[in-house]
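The structure under discussion appears below in the form of structure tokens.
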Amino acid sequence: DRTAVTSIDSAVEQHGLKKIASGKVREIYDIDSKTLLFVATDRISAYDVIMKNGVPGKGSLLTLMTIHWFELFKTKIPELQTHLVSATVPQSLNLPDGLQAQLRHRSMVVRKLKVFPIESIVRGYITGSGWAEYKKSGTVHGIEMPTGLKESQKLDKPLWTPSTKAEVGDKDENITPQRAREIVGEKYAEQIEKYSIRAYEVARDYAAESGILLADTKFEWGLDQETDRIVLIDEVLTPDSSRFWPADRYEVGRGQDSYDKQFLRDWLTREGLKGKEGVEMPAEIVEKTASKYREAFEKLTGQKWEKALGSK
Ligand code: ATP
Ligand code: MG
């Protein structure tokens, strides 16, 4: 449990699960024509490149956290559909115990859906690429903003700021909401915007109770072609897809510490390794990063990490 799983044993495929995609973090397998096995490894990326070694437990943490939010949405936004079918690897796959153990906690059975080719970002605070654009042109994703905003300032209301969803290796590009409407179509864009903002608000209010500010987050959406309804897919509200800030250290006018990869990014920059391929993180950076992820997990879910891993 202390070694990072950076790739899933290829024996999984010998047991009839065809790998259909491999992302920076996840491996995706076909179960049948309607469902996928969605597996998060312990891989970690920074500045768009994957590190050589991983962060032990990270994949399970991302998966359990995503499931936690999906459960919350069930009660808070009952009409919202998610792609989650099951949080456990089905016995019917007849995987040997070793493989079953490797996949446990890091996997979800999800509905196979047509993915809308945009990233549905919601920003509650002005930071990151939003802040960079604002400084240059007074806009965020082309949206005219009030003058005089300061770095990390809370916005009057959450802003829907989509980006393209680039092919593997390419970089996502910020686009205007209008451009997103053209890409996915007016009807779906309207629903994606509405439910992304709703989900952001529910999560923001929930996180605030544990002293965490949800600065921004990225959702992905799919389409159920049988019912013509949008479905929330992918991981949600994890440190990989969101900026979480400790509320007690929040201060307008500067960048904020966050729960995610700050240690790793700072180390890469310091060592001149930013953007380099095949970088191996020293044990200290792995440990510090792991503990940040765990802290976020425990604060946000109210569950002890070791205990969450012990369950089910
Ligand atoms: P990239 O694929 O560019 O590396 P990434 O690092 O975000 O992006 P991962 O998180 O590793 O990718 O893999 C998740 C992939 O699975 C994403 O491309 C996402 O759009 C896709 N996906 C998520 N949920 C579903 C679903 N229910 N049906 C089909 N595809 C899905
Ligand atoms: Mg992803």
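Residue numbers start at 1 and run along the sequence shown. Just so you know, ligand 1 is whichever comes first in the structure, and atom 1 is the first atom listed for that ligand. Only a predicted model underlies this, so the values are computations on that prediction, with no experimental measurement involved.
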> Can His68 and Phe297 be said to form a ring-ring contact (aromatic ring centres under 6.0 Å, His included), step by step?
Replying inline: CA-CA 10 Å; His68 172 80; Phe297 178 89; 7.8 Å; no
> When rounded to the nearest 0.5 angstrom, what distance separates CD in Gln191 from CG in Leu80?
Replying inline: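 These two atoms lie 11.5 Å from each other.
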> Going by an N to O cut-off under 4.0 Å, is there a salt bridge joining Arg179 and Glu182?
Replying inline: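 Counted as a salt bridge, because a side-chain N and a carboxylate O are separated by less than 4.0 Å.
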Can you find an N/O atom of [X] closer than 3.5 Å to an N/O atom of ligand 1?
| X | answer |
| --- | --- |
| Ser22 | no |
| Lys24 | yes |
| Arg26 | yes |
| Val25 | yes |

> For Lys135, what residues pass the side chain to side chain contact (heavy atoms under 4.5 Å, CB included) criterion, not counting sequence neighbours?
Replying inline: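 Only Trp131 meet the side chain to side chain contact (heavy atoms under 4.5 Å, CB included) criterion with Lys135.
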> Using a heavy-atom cut-off of under 4.0 Å, does the side chain or the backbone of Ile28 touch ligand 1, or both, or neither?
Replying inline: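 Side chain only.
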> Quick one: does ligand 1 sit under 4.0 Å from the side chain of Asp234, the backbone, both or neither, non-hydrogen atoms only?
Replying inline: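 For Asp234, the contact with ligand 1 is made by both the backbone and the side chain.
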>> Tell me whether ligand 1 is touched by Lys165 - counting only heavy atoms on the residue side and a distance under 4.0 Å.
In response: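 Flag set, Lys165 near ligand 1.
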> Do the rings of Tyr188 and Phe116 sit parallel, tilted or perpendicular, given the 30° and 60° boundaries?
Replying inline: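 Judged by the thresholds at 30° and 60°, the geometry between Tyr188 and Phe116 is tilted.
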Number the atoms of ligand 1 from 1 as they appear, then name those within less than 4.0 Å of a heavy atom of [X], with their elements.
| X | result |
| --- | --- |
| Glu220 | 19 (C), 20 (O) |
| Val115 | 20 (O), 29 (C), 30 (N), 31 (C) |
| Leu113 | 28 (N), 29 (C) |

> Between the candidates Arg111, Arg43, Lys114, Glu27, which shows the shortest non-hydrogen contact distance to atom 26 (C) of ligand 1?
Replying inline: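 Going through Arg111, Arg43, Lys114, Glu27 one by one, Arg111 has the nearest heavy atom to atom 26 (C) of ligand 1.
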Pair up each side-chain donor or acceptor in residues 6-21 with any protein partner under 3.5 Å, not counting sequence neighbours, and list the distances.
unit_1: Asp9; atom_1: OD1; unit_2: Ala11; atom_2: N; d: 3.0
unit_1: Lys19; atom_1: NZ; unit_2: Glu27; atom_2: OE1; d: 3.2

> Side chains of Gln153 and Thr127: closer than 4.5 Å at any heavy-atom pair?
Replying inline: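 Heavy-atom side-chain distance check fails, nothing below 4.5 Å.
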> Hey, is CG on Asp156 packed in by over 12 heavy atoms from elsewhere, all under 6.0 Å?
Replying inline: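 At most 12 heavy atoms, drawn from other residues, nucleotides or ligands, come within 6.0 Å of this atom.
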